[in-house]
There are 2 protein chains.
Amino acid sequence: MPKEKKYHHGDLKPALVEAGIAILEEEGLDRLSLRAIAGRVGVSHTAPRNHFANLRALLTAIGTEGFRRHAAAMREGLTETSPGPERLQAATEGYIRFARRHPALFELMFSKHYCDFDDPDLLAAARRSYAVLEEISRGLDWPGAEGPDRQLRTETMLWSLVHGYALLALNGQIREGEERGRMPWITEVVPRFRYEEA
Amino acid sequence: MPKEKKYHHGDLKPALVEAGIAILEEEGLDRLSLRAIAGRVGVSHTAPRNHFANLRALLTAIGTEGFRRHAAAMREGLTETSPGPERLQAATEGYIRFARRHPALFELMFSKHYCDFDDPDLLAAARRSYAVLEEISRGLDWPGAEGPDRQLRTETMLWSLVHGYALLALNGQIREGEERGRMPWITEVVPRFRYEEA
DNA sequence: CGAAAATATTTACATTGGCAACATCAAAGC
DNA sequence: GCTTTGATGTTGCCAATGTAAATATTTTCG
């Protein structure tokens, strides 16, 4: 039986990140603690200290992995879609879908309360996630698409819109059950913006 | 001297809320604790229990007061402004201004991690805040202003946009110093939407 | 006045993150 | 092969936190 209990774990660092994400999925952000993560992996609560300076560093690593999956979720269905409105819809849907399916992880990712945005790895992962929005906002036409900072303004508009919707939905202000009734889903808002004739 | 130390505070409940807000302003959300709030008022850390069932209830009361001020900030400069684009700008500017000036309180208000949105008082205050956005979104013209759910969709768009921008700015993704440079301020985005000819 | 309710304190306890000292293992040198 | 050294993990401890129970003080009111 390969399930011997060894003194050394062997691959603790990524295991802690995985355990943290698992707790977020199963129990939520409130239940995420250093001791809970360590306990889930089967080590003492001080073992993570050999790989992460403190809890914040571990949470930042969890957030980094979150951004990787977040970017992947947005790119899902984006690769095979030809340029145009469908790409916009696919990416924004991916953004919201990720937030809905992994609410605790999403909340952790975007809160400086948990994540250290000065961390180079986190920053790189977050930028790669932002790059998707940047990409699809290219050529997007809307009332503010004019002037010198057009591209930047368009990115900001799109990011704010999607991010705001996701967070409001997460906090219960926009309930999932009501979204088709009282509250319109994001896909009924975003696609109103059209791309220019290329 | 009227500064006698009495056994009974006399008006502890609102004093706790004020103390909590003061800590948020001066020290931030991380330093907000039941004991810190009680200590600031000058009572033992169990005294709040006579007025609030637990910490969450106290934080909810703080959030409620936050929403009242939030609505007031949006209405600032709105009263004397005639209907039209200036109203849109005044309200959204108030939204962002409040978030920037009171970042910790704002974060607390919109996180279910701290506030209980089932609380009737909080809900009422939050709705009154939302009502301002609802009001100014009436008659707003934009690419999605068509179809049966037009008003609702417009509210959602505007709320998501402003709220998303505020949160991204708070988390450092949009830095205040750069806002006029790399990142456009919200007032350069929102006013692109025009009102219909009435 | 005196009882009851409201309000505040003291003491205790479980959880949490962090630290220091020690234990165990694995890999590198001799 | 043996030892030494560094990496990795554990135990015991501490301060801070929120909650609870028992007690003390003040106010209210019959």
Side-chain angles (χ1 to χ4, degrees), chain A residues 2-20 22-24 26-63 104 107-108 111-116 119, chain B residues 2-20 22-24 26-63 104 107-108 111-116 119:
Chain A
K3 286 281 182 182
E4 303 279 342
K5 184 165 188 181
K6 297 181 298 185
Y7 190 91
H8 286 78
H9 181 278
D11 206 20
L12 185 55
K13 191 167 183 177
L16 289 170
V17 174
E18 280 312 312
I23 291 177
L24 287 176
E26 297 170 16
E27 307 179 48
L29 189 50
D30 304 320
R31 309 296 291 275
L32 188 70
S33 72
L34 184 80
R35 289 169 119 101
I37 296 174
R40 189 181 183 101
V41 177
V43 296
S44 73
H45 75 281
T46 52
R49 201 159 208 288
N50 293 305
H51 306 276
F52 301 98
N54 47 29
L55 172 63
R56 188 174 174 75
L58 173 50
L59 297 183
T60 300
I62 291 174
E107 191 179 351
L108 178 139
S111 172
K112 66 166 189 262
H113 201 72
Y114 304 103
C115 284
D116 176 16
D119 181 85
Chain B
K3 286 279 181 181
E4 303 280 342
K5 184 162 188 183
K6 296 180 299 186
Y7 190 91
H8 284 76
H9 181 279
D11 206 20
L12 186 55
K13 191 167 182 176
L16 289 170
V17 174
E18 280 310 313
I23 292 176
L24 287 176
E26 297 169 16
E27 307 179 45
L29 189 49
D30 304 319
R31 310 294 292 273
L32 189 71
S33 72
L34 186 85
R35 289 169 119 102
I37 296 174
R40 188 179 185 102
V41 177
V43 297
S44 73
H45 73 281
T46 53
R49 202 159 210 290
N50 293 304
H51 306 276
F52 301 100
N54 47 29
L55 173 64
R56 187 174 175 77
L58 173 50
L59 296 182
T60 301
I62 292 174
E107 190 178 352
L108 178 140
S111 172
K112 66 167 189 262
H113 200 71
Y114 304 102
C115 284
D116 177 16
D119 180 86

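Numbered from 1 within each chain, the chains take letters A, B, ... in sequence-line order.
- The environment of CZ in A:Arg56 is crowded: more than 12 heavy-atom neighbours from other residues, nucleotides or ligands sit within 6.0 Å.
- Between the NZ atom of A:Lys13 and the C1' atom of D:dA7 there is a distance of 13 Å, given to the nearest Å.
- Side-chain proximity of A:His51 to C:dT9, D:dT8, C:dA8: nearest is D:dT8.
- A 4.5 Å side-chain heavy-atom check between B:Tyr114 and B:Ile62 finds every atom pair outside the cut-off.
- Between A:Pro48 and A:Ile37, the closest side-chain pair of non-hydrogen atoms is not below 4.5 Å.
- Atom pair B:Asn54:CG and D:dA21:P shows a separation of 14 Å (rounding to whole Å applied).
- For DNA chain D, the residues of residues 30-40 of chain B within the heavy-atom distance limit of 4.0 Å (strictly under) are B:Ser33, B:Leu34, B:Arg35, sorted by number.
- Taking atom CG of A:Leu55 as the reference point, atom P of D:dT17 lies 16 Å away to the nearest angstrom.
- Between the P atom of C:dA20 and the CG atom of A:Asn50 lies a distance of 14 Å, rounded to the nearest Å.
- Whole-Å rounding puts the A:Asp11 CG to D:dT8 C1' distance at 13 Å.
- Residues A:Asn50 and A:Leu12 fail the side-chain proximity criterion, which asks for heavy atoms closer than 4.5 Å.
- Distance, A:Ile23 CD1 to C:dT16 C1': 14 Å, rounded to whole Å.
- Two residues are said to be in side-chain contact when any heavy atoms from C-beta on lie closer than 4.5 Å; B:Ser111 and A:Glu107 meet this criterion.
- The distance between atom CG of B:Leu16 and atom P of D:dG18, rounded to the nearest whole Å, is 13 Å.
- With rounding to the nearest 0.5 angstrom, the NE2 atom of A:His51 is 7.0 Å from the CG atom of A:Leu16.
- Looking at A:Thr46, its side chain comes within 3.5 Å of the base of D:dT11 through a donor and an acceptor atom.
- Side-chain N/O atoms of A:His45 and base N/O atoms of C:dT15 include no donor-acceptor pair closer than 3.5 Å.
- Rounded to whole Å, the distance from CG on B:Leu58 to P on D:dT17 is 14 Å.
- A distance of 12.5 Å separates CG in B:Asp30 from CD1 in B:Ile23, rounded to the nearest 0.5 Å.
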